[in-house]
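Below: one structure, written as C-alpha cells.
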Amino acid sequence: MTYQEIINLGLKKGISEIELYAKTSTDKTLKVFNGNLESYNAKEIYSLSIRGLYNDKMGYASCESLDESVINEALDKLITSCGLLTSTEVEEIFGEIVEYEKIEEALSDASEYPLSEKIDLLKTLEAETLKADPRIVKIGYCQYVETLGKVEIINSKGINLVRNYSYVVVVLGALGMQDGLTNVGYAHQIELSFKDINKDKLIKEVVEKTLSGLGAGSVATGEYPVILDQEVATDLVQAFSSLFSGYAAMKNMTMLNGKKGEKVFGENITLVDDPFCESSLIKVAFDDEAYPCKKRNVVENGVFTGFYHSLKTAKYFNETPTGNGFRNGNQVIPSPTNLYMLPGEYSQEQLFDGIKEGILVTDVAGLHAGLNVVAGTFNLQSSGYMIRDGKKAEPITLFVVSGNFFDMLNNVEKIGNDLPEKINDVAIPSLLVKGLMISGK
Amino acid sequence: MKEFDFITKEKALEILEIALSTGGDFAEVFMENGSSEAFEMTLGKVSQISYRNVSGAAIRIIKGNTEVNTSLTDYSYENLKNAAKVLAESFDGVKTTDVLEFVSKEVETVCNPTRVSSSDASEEILLLTKASSAAMSAHEEIKQVICGLTRKLQNIFVFASDGTYQKDYRCNMRLSVNCIASDGVSMHSIGKTSGKAIGLEQYDTVDVEEFARGVALDAVEMLHADPMVGGEMPVVINNGFGGVILHEACVHGLEATSVAKGMSVFCGKLGEKIASDIVNAVDDGTNLNAWGSINVDDEGTPSKCNVLIENGILKSYLVDKRNSKVMNHPITGNSRRESYKYQTTSRMTNTYFLNGKSTFDEIIANTKYGLFAKEMGGGSVNPATGEFNFAVNVGYLIEDGKITKPVKGATLVGSGRDVLLRIDMIGDNLSCGHGMCGSMSGSIPTNVGQPTIRVSSMTVGGSGKGGNK
C-alpha cells in the first residue's frame, strides 16, 4: 500500500488524525579477524510506525511490511488500544506549516568505494596494530560499518517531510598481555566520508589505550579529587540525560521537577542542545513529530531552563514544545539532539596541576546497571590512573567511583578544553570534581 | 505453521542451491514473523499500549572462515532467491557442497504456551491493575508506580544445507513493576520482573499483589537506607536474580563468540579447575516453560542441559554451528538472535548454580561482617579481561552473623578468574530471576539463577563515607 492509501484507510476506519513515521536503513558491516574477512553483513530494514487519534486517544502500532493484511491488523490494533487507554494526557498531531531551519544534508560517499577497499583497510589496521608492540597479542574487534538511513513523516494534517542521514564507523579493539595480565583497549572513529578514516590515528589510540592499562593495580578506598576524562564525563552525562526530559517530569521520575529557573548545578556548567551543530553528523531541522528543532541552553550558568518537550509533554505542562520529540521504538520520548557542555580553558595537564593524590577515570562500565537515574546516584566499575603530585602516575583498575549527579555538577572545580572536534549525540569535556568516593581494596 | 507454507521443500532447496552456487560450505535461511506488544499502567491508569508486527528473514553463507549474511524485511520467495544470489556473489568459486535431505527433528516441547492473550485484553489490564493497586497502597511514600506487561510472539522457520528444516512457535511474557519512593527530599526507584516462556497462564500461580507490594516496600526501605561504605569484604548473594554473578563473571566468557577468537579468560581451560570444588553450574534451555527456555535454538538445534562447571572443573563452552567447527567442540543448542536483524551466535538460556549443602541461615550465621545482596540489578563484563560489575538493588549489612541495617547503592566488581574460586558456601534454595541479556546478537530473554552463595572476599563499591558500623 502507498502511504496515502494507508492514511485514507485509517481515516475510513474512524481514526480522526493519523501520522506515519517510516524509517529505512541500509547497513553494511565488515569484520576482519586473523587476516581474514570474518563476516560481511548487509541489512536492509524497513519499519513503519503509525499513530492516530481515535476517540481523542492516541494509539500506536508499527510493522515492517506494507502488505494490506499487515497494515489492516496494525490499524485495528491501534484502534483497539485506544479503547483501553484510561490516562487523561492529551496528545495531538502537528500540522502547522512552518519554516524549518535550512540544513544541508551531506551524504556519505562510502558506497562509491568498493568493498575490497574497506576490507583492505581493516586488514591493514589489524596487521599494523599487531606490529606496533609485541605486547599486543590479538585484535578482537576490527569492524567497519556504513549506514544510510531515511526518515519520512507523513500525516493527515498535511505534513510530508524527509530526512536523510549517513555515516561510516570503524571500531578497533586490541588485547594486550604482559606477565599473564590482560587489558583491552578500544578506539573508534565516525566520519561522513570513507576517505576521512584516519588509520594512523586509530592505531595510535588503540595501542596507547591497550598498553597503558596493562599491569593495573588497585587503589585504597577513600574520597579523592577525581578527573573524569572526556569520554567518561560524556558517558555519565549521557546516562543521566533523561533527567532533563519532559517524559521523566510527567512521570515524576526526575529530581528536576519544579526546578525550572532554579540554580541546580555550579555556575560554571552550561549545557547546550544544538540540533544544527556544525560539526555533528546528525543535524536535524525537525523532530520525529515534525515540530521545528531549535538550539537551546538546557542549563545556563548552572540554572535549569526547562525540560525537553514533545508535543505531549509540552501540553501536559502547558509549555511550548522544544522540538525534542524523538522516537524510541513506538513511543515518542523527549530527548536531546546534540548535547554538549561549554568547554573550559584547561588542558589535561593543567587539570592535574596541584593535585597531590587523586584519580583520573578513563573508563567506566555497567552504565545500565550501576546508576539509579531517578535517585541521581551512580556506583560504577572504573579503571584509570592515580594522579600523584600533579602528574599522571600508575594505572589502576577494578575500583568503583560513586557519587550523586547533582552534587558532582555542583563540585566541578575545573573544566577541560578538550571538547571533541566533532559533536555527535553527547559531548562533555574532561571535568575535575572536588571529591568523589572511590572504593577499592 | 501456515505462515511459511509458501516456502515448500522444493523452493527451500532452490534458494539454498543458489546460495551455495559460488562455493559456500554452508547456507541457511532464517524466517520469522510475529509481534511484540507492551501494556503500560502509570498510577493505576492505562497510559500506553503499543503493538509491533515483526517479519523478515536472514540468509547466511559460510565459506571457510568467512560468514556473509543479509537481513531483509520482505521475505517473498522471489526476494529470498534474489537476496541469496546477491549474497553468493560475495564469493567467486564454484559449487562444492550439496544440500542434504531436509529432516524435521522430533523435538521435546519444553515451552508450551496455552493462553497467550485474552480476547479483549481484559485479563492483561486486570493483571496490571492488581499489581499497581498493591504497590500504590503498600506505603504512603510510594509516589510513582509504573507496571508493564510485554508479550513477544514469534514464529520461526529455519532451513539449512545441513538438512535442518525446523519450525517453532514462541511466547515470552513478562510483568514488570517499577516503584519510586520519595520523602519529599530524595527519591529512590526499584524495579523487578516476573516472566516465563508461556502466556497469561503463568500468573495463575503467582501472587502478583504480593510481588508488587514487595517491590514497593524495597523502594521505601532503600530510600531511607544509608549509602554503602565501600571496601573489600565477604558478600552473601541471595538466590534468584543473584545468579547474575554467574552470568556476568563466568558464562559470557564461555560463549563461543569470545572463546573462538581467543578473547576470553576461559580459553583453553576445558577440564581445568576454574571454580571452588563446591561449584556446579549448568545452562539448561529445557527447563519447563522457563523465561530463557527454547524448544529449538535459532539454528534449529533442540535445546539441552549443558553442564558448564562440575565440582569446580570447566566442562563445556556454549557453541553454535559455525564456532563448533572453529573450536572443534560439540554444538550445544545455544545459537540465539533477537530477530532476523541480527546474526545468530552462541548465547545463554537459563544459567544457574546448582544447590549446595548449606542452609541460608547457616551462611548468614557464619559471616562475621559483610554485605548481604538481597536483590541484584544488572551488570556487565569484558570477557577478554574477565572484569565484571553488577549492581545491588537491595542490600543489608551482616554483622556478627546477623542481617542488620539496610544499605543502598552497592556495586560489586571483580574478576571472573578470582570470584568463582572464592565461593566458599552454597545454599540449598535454588531459584531463578528473569532478565534480558544484551550482546552481539541483540537482546534475548535469559534466566539467571542460583541458591544463596557466599563469596569470601569481593570489592564492594558505594558512596558512603566513614565506617558502616
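Treat the numbers as computed from the prediction; the structure is a model and nothing was measured. First the proteins, then the strands, lettered A, B, ... as listed; each starts at 1.
- Without hydrogens or angle criteria, E387(B) side chain to L398(A) main chain gives no donor-acceptor distance under 3.5 Å.
- At a 4.5 Å heavy-atom cutoff, the contact between I146(B) and chain A is made by side-chain atoms alone.
- In this structure, chain A has no heavy atom under 4.5 Å from any part of S258(B).
- With 3.5 Å as the limit, one finds a donor-acceptor pair spanning the side chains of Q343(B) and N41(A).
- Of the inter-residue distances, the one linking N252(A) atom CG with S182(B) atom OG reads 7.5 Å to the nearest 0.5 angstrom.
- Taking the ring centre of Y342(B) as origin, the terminal cationic atom of K43(A) falls inside the region bounded by 6.0 Å and 45° from the ring axis.
- When all heavy atoms of T459(B) and G440(A) are compared, the closest pair comes out as CG2-O, 3.7 Å.
- If you tally non-hydrogen atom pairs under 4.5 Å between each of K57(A), E89(A), M253(A), M58(A) and chain B, the highest count goes to M253(A).
- Chosen from Q144(B), M263(B), Q48(B), M376(B), the residue pairing most often with chain A at heavy-atom distances under 4.5 Å is Q48(B).
- Here L84(A) is the residue among T377(A), L30(A), L84(A) with the most heavy-atom pairs under 4.5 Å with chain B.
- Looking at R417(B), the atoms closer than 4.5 Å to chain A (heavy atoms on both sides) all sit in the side chain, from C-beta outward.
- The candidate from L66(A), L85(A), V184(A), L48(A) with the greatest count of non-hydrogen atom pairs under 4.5 Å with chain B is L85(A).
- In terms of non-hydrogen atom pairs under 4.5 Å with chain B, the most contact-rich of T397(A), T80(A), N34(A) is T397(A).
- Heavy-atom contacts from other residues, nucleotides or ligands closer than 6.0 Å to CD of Q178(A) number more than 12.
- Contact detail for T385(B) and T182(A): the closest heavy-atom pair is CA-OG1, 3.6 Å.
- Annotation: maximal heavy-atom pairing with chain A below 4.5 Å, among V54(B), V392(B), V460(B), D120(B), occurs at V54(B).
- With rounding to the nearest 0.5 angstrom, the OG atom of S339(B) is 7.0 Å from the CD1 atom of I45(A).
- Rounding to the nearest 0.5 Å places OG of S25(A) at 9.0 Å from NZ of K341(B).
- Closest approach of S47(B) to K251(A), counting heavy atoms only: OG-NZ, 3.6 Å.
- Although no hydrogens or angles enter the test, the distance criterion places a donor-acceptor pair under 3.5 Å between the side chain of N379(A) and the main chain of G409(B).
- Contacts with chain B were tallied for E64(A), M177(A), E44(A), K138(A); E64(A) has the most, counting heavy-atom pairs under 4.5 Å.
- When every heavy atom of V413(B) is checked against every heavy atom of Q381(A), the shortest pair comes out as CG1-CB, 3.6 Å.
- Note: G414(B) leads S186(B), G414(B), G56(B), S90(B) in heavy-atom pairs under 4.5 Å with chain A.
- Using modelled atom types, no side-chain atom of N389(B) and backbone atom of L380(A) make a donor-acceptor pair closer than 3.5 Å.
- Neither the backbone nor the side chain of V145(B) comes within less than 4.5 Å of any heavy atom of chain A.
- Interface summary for chain A: among E232(B), K45(B), E40(B), E37(B), the most heavy-atom pairs under 4.5 angstrom belong to K45(B).
- How far CG of D27(A) is from OG of S71(B): 9.5 Å, rounded to the nearest 0.5 Å.
- Interface remark: of the candidates N65(B), I62(B), L72(B), L43(B), N65(B) forms the most heavy-atom pairs closer than 4.5 Å to chain A.
- Annotation: the span from R52(B) atom CZ to S62(A) atom OG amounts to 3.5 Å, rounded to 0.5 Å.
- Interface summary for chain B: among E73(A), Q331(A), R51(A), K441(A), the most heavy-atom pairs under 4.5 angstrom belong to Q331(A).
- Annotation: the span from N372(A) atom CG to I190(B) atom CD1 amounts to 7.0 Å, rounded to 0.5 Å.
- Between H368(A) and S380(B), the closest side-chain pair of non-hydrogen atoms falls below 4.5 Å.
- Interface remark: F33(A) contributes side-chain atoms only to the contact with chain B (heavy atom separation under 4.5 Å).
- With a 4.5 angstrom heavy-atom cutoff, Y340(B) touches chain A only via side-chain atoms.
- For the set G262(B), A410(B), G462(B), the count of heavy-atom pairs under 4.5 angstrom toward chain A peaks at G462(B).
- The minimum heavy-atom distance linking A369(A) with G379(B) is given by the pair CB-N, 3.6 Å.
- No side-chain donor from either of T66(B) and N36(A) sits under 3.5 Å from a side-chain acceptor of the other.
- Looking at S116(A), there are no atoms closer than 4.5 Å to chain B (heavy atoms on both sides), in backbone or side chain.
- The two residues G370(A) and T411(B) have their closest heavy-atom pair at CA-OG1, 4.3 Å.
- With a threshold of 4.5 angstrom between heavy atoms, S81(A) approaches chain B through its backbone and through its side chain.
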